[in-house]
Engineer: 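Please see the structure below; I have some questions.
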Amino acid sequence: MSNISKDEKIKLTKYILSSISEIMSSVLEVNIEKENLLEFGSYLHRTTPALSELQVAENVPSSTTETLRCLAAKVDIAKELVEKCNSGAKSVPASELKSIIEQIEGVVNSIGQDIGTIPSNIFQNHKYAGTAIQSLAKEMQNAQFDTDVSLKNNMEGEQDLYQVQTSKEEFKTTDNNIGDGEMPRLKDFLKGMYYHGKNIPPSKTLNQLAEQIEPLYEAFFCPLTKKVMDDPVTIETGVTYERKAIKKWFENLMNNSQDIVCPVTKQKLHSRVLSTNLALKTMITEWKERNEASRMRIAQTALSLASSASVILDAIRDLEDLCTKREHNKLKMHNFGVTKILAQFLEYDDRDVRCETSKALRCLAEDDRGKEIIAKTRAITAAVKMLSSDHLQEKHASLSLLLQLSKSEIICRNIGATPGAILMLITMKYNERTDFVSAERAGETLKNMEKCPDNIKCMAENGLLEPLLNHIVDGDEEMQIEMVSYLGDLVLGNDMKNYVARRMSPILIKMIQCGNTFSRKAAFKALLRLSSHHSNSTTLIEAGIVPIMVDEIFIRKIYDEPVDSKEESAAVIANILESGADPRFIQVYKHGHTMASDYVIYNIVHMLRYSNTAELNKNLIRILLSLTKLPKPFAAIVSVMKETEASYNVIEFLNSKNEDLVINSGKLLIKLITHMGHTIAEALCKTREQPGSLIKKLETDQVTKKHAISVNLVAKLPHHNLTLNLALLHSGTIPIIINNIQNFQRSETRIGRHERHYIEGLVGILLRFTTTLYDHEILQMAKEQNLTTVFTELLVRKSGSDEVQRMSAIGLENLSSETVNLSKPSMEIRGSTKMTKFLPRVFSIGSRRESRVKPCPVHRGACSPSTTFCLLESNALGKLVRCLQHENVKVVEAALSAICTLLDEKVDVERSLEVLGEMELVEQVVGVLRKHKQDGIWQKAFWVIERFVVKKGEELYGDEQFSEVLQDAYQHGNSRSRQVAQNMLSHLKKSSLPRNFTAV
């Protein structure tokens, strides 16, 4: 077999390599059909190592000439096809674009057939080159491209970014090498073939493959260790060894008292001088650098293709080994993009891959460049996710990576911003018993993360307060202010609030006394938060906070300070007093007043009289409310209020837009009603928009605490105050009240605390009108609004409140007391019937009975629920009798009082007793006496029964239960109850009493 011309061979291979370089450059510029074209470029790229090897090979057979010529022609065809795509393929019809891709597929198949004819023996000592070439040829012959043009166009721009970038890097690297006149070596070919070829033995590691690419010389190996030398030295015989190995050889011989000989030649040595073999050392160093670069390239390709978990693991472990060998390798990995690629494998499915990736990245993160690259990937998020792994090794690996990354202040912020990172680290830190390693690494990581203030706040929010508190204690002024501001925003648990209060109170007080404006603002904010927890009051009082706050309220005046210290100080004191601390023992000054002293009360009331902010007024009233819990301070507040007429100012606050101020003002006025109710009522009538606005503002779907307090204030003011009642009547509030009550009665939704309190207030307002029925306007309103029916319905409707039923019964009692005066005598009935047909039929209830003009048996005249408030006509009597079975003694007493109005001397008692007897009232009342032992109940119940006994004593002779009740009342009741019991017993026959009972 004759050899072809060397010049022709070189010329052909150079031309083919240059054409492939141009094709790859063009492929990178094409914007359509990227997947097919990138695959095509990859095939061509993988042929370049074989072509380069042919260019330098000796004794190439002449048959290869035709192969090279065919390759050159087919590469030219490929170049033209790619140019068509690059010169405006978007305007080419889909059918034509499909034809181009099919032609490219044919070129690849044909090139595969050509390179398959290259003899394997050309590559001489390269053991796997022939096998790799044949594998590539077979792969190219079977290559197929997707010709679905429409699908490819739709997928344009949606290629996997990672693969495209990897391919571009490979192409550009090869292009640059060729452009610079450097021939690609076989290592590049093996790099690709390791994955695409199937015949390379799997037992070969990446390191061994690199050694195949960068051949070793025998001189590199130490005769003793059989390993490549790091520090070669030559001894007297001229043989070179590893320095450490030969030294150890000499020491062993000397210890055994033997002659020192050369390990290889066995010649006796006269000198133990070790001369560094600089030339060999330089060669070994250069070989190591080339070998490590090759290993790096192979590993990078393995990661790019990610063919299997085992291959990826080998690549990652080799990269980790390279990192530990030389710092310069880390820089190369950063520059080659290995670090960025490696970070993606933290999200790989295989757990071992994730663990090894974490270890490798930890090594790469030892320099700032590596940390910066890793921080720009999803590595931090993935590492945080790995913290929740049940596998201990994976958890430790991710912690080591985060610990290394946390040494950078910038990356600390990224770690802290990752959801769940700080919480998991804190959990691990305190889980020392079960996993000491994780606890230690988590603690170190959190310590590093304290460089970022936001992380400190996040740690505090998740229960780790020490970093925050330490920075407050030890930090500079700027840091202290920032951390104290964070402390004021934190929502702490009760235990943590106590701990913080004990440790921080002295520092916060010092900041208020000596700090600048910003530190004072931050300290006030924190103290407000701490004082809101009632169990901290003792700690704050002992720290001396009250005198400081009182001085801020009464004495300190700084007009240019952005924070209103008076508001904050009053709020802190209010919080402390509301916690239950006794103001009598809270010293305001060392040898002077306490919080309960007249001095403090006078100054607070005096401040309310002058124009202040709504927030300050609210907190001052909160202080007064706390002081009203004690008799002496309460009396002092009443006295000062009357003296200064400050109640007018408090009433004015009811018109404030600050809802909390309105609520607290209403509470204070309700407290003062017992001592100055009429004064407040008169002042309310003189206040702008009052009292009507307190009720008119309640026309809303949602009841708030403000609404409930407002109506209860009006309801609790003295009921007999005619001025207030007329003011309410003239303001048109009655229809609103009744409408709101009826809305709640019809509503099927659950009644809450504010709604129940609100209804009680509305009913209380209606009740107050029944106490001033002597006024013509109020009486007319009661008739028009049919208050008897309203109260009757409230007795049975679900109101959610016993108080509503009690007040309804009292309202019926007051209305029934007027029935005798309103019921028309029988002489006037006949004269009025002629006029009834001309009157409007306003009320449906009782209208039919009125038309019949049937006299009431009890009141001896014409009665109706609306005009005379008759309990019989309104069907209220039966409901009142049923209320006697109520569990609440106050409801029972009110119902009994209403029933008693039908036994008054002004009514027909005999007829009334008949009606009540039919309802079995006596049995009900006896049941009340047996169930309830209060004196008020007994007096009313015995009075009712006495009326029955006087008229119908015969009927009770055989009632043993009644006799037992009389005995109990006589023995345990008060003087009035004993007297009533004795009077009734005098009407009973002696035979009905127990044998052992003797009447007095």
Side-chain angles (χ1 to χ4, degrees), residues 720 770-774 779 782 787-788 791-792 809-829 854-865 867-881 883-884 892-926 928-929 935-956 962 966 969 973-988:
H720 295 278
T770 65
T771 63
T772 54
L773 292 173
Y774 56 83
L779 179 62
L787 291 186
T788 307
F791 286 128
T792 301
I810 295 174
L812 289 172
E813 177 191 359
N814 295 338
L815 291 169
S816 180
S817 299
E818 293 293 323
T819 304
V820 175
N821 302 325
L822 298 174
S823 181
K824 297 178 181 180
S826 58
M827 293 295 296
E828 300 179 17
I829 295 174
K854 184 178 180 180
C856 175
V858 175
H859 300 108
R860 307 185 187 93
C863 288
S864 72
T867 58
T868 64
F869 317 130
C870 180
L871 296 182
L872 271 67
E873 293 293 328
S874 64
N875 296 323
L877 183 57
K879 299 177 178 64
L880 288 169
V881 172
C883 284
L884 297 179
V892 175
E893 185 175 1
L896 197 57
S897 297
I899 294 172
C900 287
T901 60
L902 297 179
L903 297 173
D904 190 82
E905 294 296 339
K906 297 180 181 180
V907 303
D908 190 335
V909 177
E910 291 185 2
R911 296 294 303 275
S912 181
L913 288 173
E914 291 178 2
V915 173
L916 294 173
E918 294 175 358
M919 295 183 177
E920 299 180 350
L921 178 65
V922 175
E923 289 79 356
Q924 296 287 343
V925 174
V926 171
V928 169
L929 289 171
D935 290 334
I937 287 281
W938 276 13
Q939 291 178 17
K940 288 184 174 64
F942 282 138
W943 184 84
V944 171
I945 293 175
E946 184 180 25
R947 304 291 282 177
F948 275 89
V949 170
V950 171
K951 299 294 182 180
K952 301 180 179 182
E954 299 287 339
E955 299 178 4
L956 300 176
F962 181 62
L966 289 177
N974 57 18
S975 58
R976 172 61 181 162
S977 299
R978 289 168 63 88
Q979 183 63 42
V980 172
Q982 183 178 0
N983 293 339
M984 285 190 292
L985 287 171
S986 65
H987 292 82
L988 298 176

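Worth saying up front: this structure is predicted, and the values here are computed from it rather than measured.
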Engineer: Which atom pair, heavy atoms only, marks the closest approach of Lys940 to Cys900?
Structural biologist: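 In this case the closest contact between Lys940 and Cys900 is O-SG, 4.4 Å.
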
Engineer: Ignoring hydrogens, what is the shortest heavy-atom contact between Ser874 and Thr792? Give both atom names and the distance.
Structural biologist: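 What the structure gives for the nearest pair is O-CG2, 3.9 Å.
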
Engineer: So, does Ser823 use its side chain to make a donor-acceptor pair with the main chain of Val820 at under 3.5 Å?
Structural biologist: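 Answer holds: no.
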
Engineer: Phe869 and Glu818: which non-hydrogen atoms are nearest, and at how many Å?
Structural biologist: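 Shortest heavy-atom contact: CD1-CB, 4.4 Å.
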
Engineer: Is any side-chain heavy atom of Ile937 closer than 4.5 Å to a side-chain heavy atom of Val928?
Structural biologist: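 They are in side-chain contact.
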
Engineer: Would you say that Leu812 contacts Thr770 through its side chain, given a criterion of any heavy-atom pair below 4.5 Å between the two side chains?
Structural biologist: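 With C-beta onward as the side chain, the pair stays apart.
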
Engineer: Would you give the length of the straight line joining atom OG1 of Thr819 to atom CG of Asp904, rounded to the nearest 0.5 angstrom?
Structural biologist: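 Reported value, rounded in 0.5 Å steps: 11.0 Å.
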
Engineer: So do the side chains of Leu916 and Leu903 get within less than 4.5 Å of each other, counting heavy atoms only?
Structural biologist: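 The answer is yes, as the side chains (C-beta and beyond) meet within the 4.5 Å cut-off.
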
Engineer: Are Leu880 and Leu871 close enough that some pair of their side-chain heavy atoms sits under 4.5 Å apart?
Structural biologist: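 They are in side-chain contact.
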
Engineer: Measure the CD-CG distance between Glu813 and Leu896 for me, rounded to the nearest 0.5 Å.
Structural biologist: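 The CD atom of Glu813 sits 9.5 Å away from the CG atom of Leu896.
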
Engineer: To the closest 0.5 Å, what do you measure between SG (Cys870) and CG (Asn875)?
Structural biologist: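 Answer for the SG-CG pair, Cys870 versus Asn875, is 10.0 Å.
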
Engineer: Are the side chains of Cys883 and Val892 in contact, using a 4.5 Å heavy-atom criterion?
Structural biologist: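 No - every pair of side-chain heavy atoms lies 4.5 Å or more apart.
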
Engineer: Are side-chain heavy atoms of Phe791 and Leu815 found at a separation under 4.5 Å?
Structural biologist: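 Yes. Closest side-chain heavy atoms under 4.5 Å.
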
Engineer: Looking only at atom types and distance, does a side-chain atom of Ser912 sit under 3.5 Å from a main-chain N or O of Val909, one as donor and one as acceptor?
Structural biologist: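 It does not hold such a pair.
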
Engineer: Quick check: do Leu872 and Pro857 have side-chain heavy atoms less than 4.5 Å from each other?
Structural biologist: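 A side-chain contact exists here, since the closest heavy-atom pair is under 4.5 Å.
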
Engineer: Using the side chain to side chain contact (heavy atoms under 4.5 Å, CB included) rule, pick out the option among Ile945, Leu884, Leu877 that qualifies with Leu921.
Structural biologist: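 With Leu921 as partner, side chain to side chain contact (heavy atoms under 4.5 Å, CB included) holds for just one option, Leu884.
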
Engineer: Do His859 and Thr868 touch side chain to side chain, with heavy atoms closer than 4.5 Å?
Structural biologist: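 No, their side chains stay 4.5 Å or more apart.
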
Engineer: Would you name the heavy atoms of Cys863 and Cys856 that are closest together and state the gap between them?
Structural biologist: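 Minimum heavy-atom separation between Cys863 and Cys856: SG-CB, 3.4 Å.
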
